[in-house]
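Below: one structure, written as structure tokens.
The analysis underlying the following values was restricted to heavy atoms, covering all of them including side chains, and did not include hydrogens, waters or symmetry mates. Residue numbering restarts at 1 for every chain, and letters A, B, ... go by the order of the sequence lines.
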There are 2 protein chains.
Amino acid sequence: MTESLQIQLKKGVLEMCVLALLSKGDNYAYDIASRMAEAVGMGEGTIYPLMRRMQNDGLVSTYLQESGSGPPRKYYKLTKSGANALKAQVSEWIVFETAVRKILGDAT
Amino acid sequence: MTESLQIQLKKGVLEMCVLALLSKGDNYAYDIASRMAEAVGMGEGTIYPLMRRMQNDGLVSTYLQESGSGPPRKYYKLTKSGANALKAQVSEWIVFETAVRKILGDAT
DNA sequence: AATGGTACCTTGCACGGCAAGGTACCATGT
DNA sequence: ACATGGTACCTTGCCGTGCAAGGTACCATT
């Protein structure tokens with residue numbers, strides 16, 4: 001139950017993190033997943049539904065590109081609306097983080 | 001979809017916040033809910049299942065106390081194991097927060 | 001009697017991460 | 001030739017948990 005904290009925490013934040021990664025350059029799901037796995041322990045099975053959702057919401061667009069090693073990669077690119085969403089979510093995150101820090105207060 | 005971020009963010013963090021509140025003194029669900037509603041927008045319907053879970057997990061114990069105004073209150077008190085859980089969760093939170101900040105990087 | 005605040009609680013729903021599994025391509029080793 | 005292992009895509013079914021909406025009951029005020 002205690003260990004579910006990490007899992008639950010991720011909800012909602014992953015989309016923002018993916019948007020942030022993409023804001024630094026186009027990328028493909030497998031690589032994003034690897035980075036996120038290292039950073040916050042995201043499972044690979046999580047990325048594909050997430051990318052699909054983001055595409056449906058118009059936050060990213062895609063294009064295929066050969067890789068030379070392995071199957072072709074599907075690159076994701078931030079749209080303008082994705083960039084806006086990133087800004088909005090980052091400021092929400094900061095508000096939230098601040099509120100939590102305030103509650104924790106001296107418990108930190 | 002964007003506004004669901006706030007909702008999702010709460011998952012996993014609420015337990016830690018409640019533990020933090022209780023570490024400053026015993027309290028009853030209704031009051032905890034009010035404070036959390038103000039701080040992070042938690043709905044009242046969320047607190048009762050949460051408190052029940054925490055009690056089942058042995059993080060809190062309860063006692064009844066008359067209030068003079070309205071029905072008797074069920075006070076929650078942190079157990080030792082609850083205090084330990086708080087410490088653990090706070091350090092997990094800090095790790096997570098740091099990882100997210102690193103990913104956001106200059107997007108902030 | 002009726003309203004409104006306090007305080008408890010339940011039910012049904014939706015969202016989204018996870019584990020486990022599956023497909024296919026390519027390079028390397030034996 | 002074939003097996004192994006890495007890359008890269010994707011799907012399915014499950015589970016935890018916050019939410020909205022609703023329900024009960026006590027008490028004070030109007």
Pairs involving residues 42-62 of chain A, ordered by first then second residue, that meet ring pair (Phe, Tyr, Trp, His ring centres under 6.0 Å) (sequence neighbours left out):
none

Just to verify, what does A/Lys74 make a side chain to side chain contact (heavy atoms under 4.5 Å, CB included) with, not counting sequence neighbours?
A/Thr62, A/Leu64, A/Tyr76

Taking atom C1' of D/dC19 as reference, at what distance in whole Å does atom CD1 of B/Ile47 sit?
13 Å

Would you kindly give the CE-to-P distance between B/Met54 and D/dG16, to the nearest whole Å?
17 Å

Whole angstrom value for the distance that separates C1' of C/dC26 from CD of A/Glu66
12 Å

Listing time: all N or O pairs from protein to nucleotides 9-12 of chain D that are below 3.5 Å?
| residue | atom | partner | partner atom | Å |
| --- | --- | --- | --- | --- |
| D/dC9 | OP1 | A/Lys74 | N | 3.2 |
| D/dC9 | OP2 | A/Tyr30 | N | 2.6 |
| D/dC9 | OP2 | A/Tyr48 | OH | 3.3 |
| D/dC9 | N4 | A/Glu44 | OE2 | 3.1 |
| D/dC10 | OP1 | A/Lys74 | NZ | 2.6 |
| D/dT11 | OP1 | A/Arg52 | NH1 | 3.4 |
| D/dT11 | OP2 | A/Arg52 | NH1 | 3.3 |
| D/dT11 | OP2 | A/Arg52 | NH2 | 3.1 |

Distance in angstrom units between B/Leu14 CG and D/dT17 C1', rounded:
9 Å

Could you state the atom-to-atom distance from CG of B/Asn27 to P of C/dT6 in whole Å?
14 Å

Is any side-chain nitrogen or oxygen of A/Arg53 closer than 4.0 Å to OP1 or OP2 of C/dA14?
no

Once salt bridge (Lys or Arg N to Asp or Glu O under 4.0 Å) is applied, what residue pairs with a partner in residues 30-51 of chain A remain, sequence neighbours excluded?
A/Asp31-A/Arg35

Nearest-angstrom distance from the residue atom CG of B/Asn56 to P of D/dG16
13 Å

Starting at CE of A/Met51 and ending at P of C/dG16, how long is that distance when rounded to a whole Å?
14 Å

Checking the side chain of B/Thr98 only, and the main-chain atoms of B/Ile94 only, is there a donor and an acceptor separated by less than 3.5 Å?
yes

Hits for ring pair (Phe, Tyr, Trp, His ring centres under 6.0 Å) against B/Tyr30, two or more places apart or cross-chain, chain-then-number order -> none

In chain order, what residues pass the side chain to side chain contact (heavy atoms under 4.5 Å, CB included) check against B/Ser61, with sequence neighbours excluded?
B/Lys77, B/Thr79

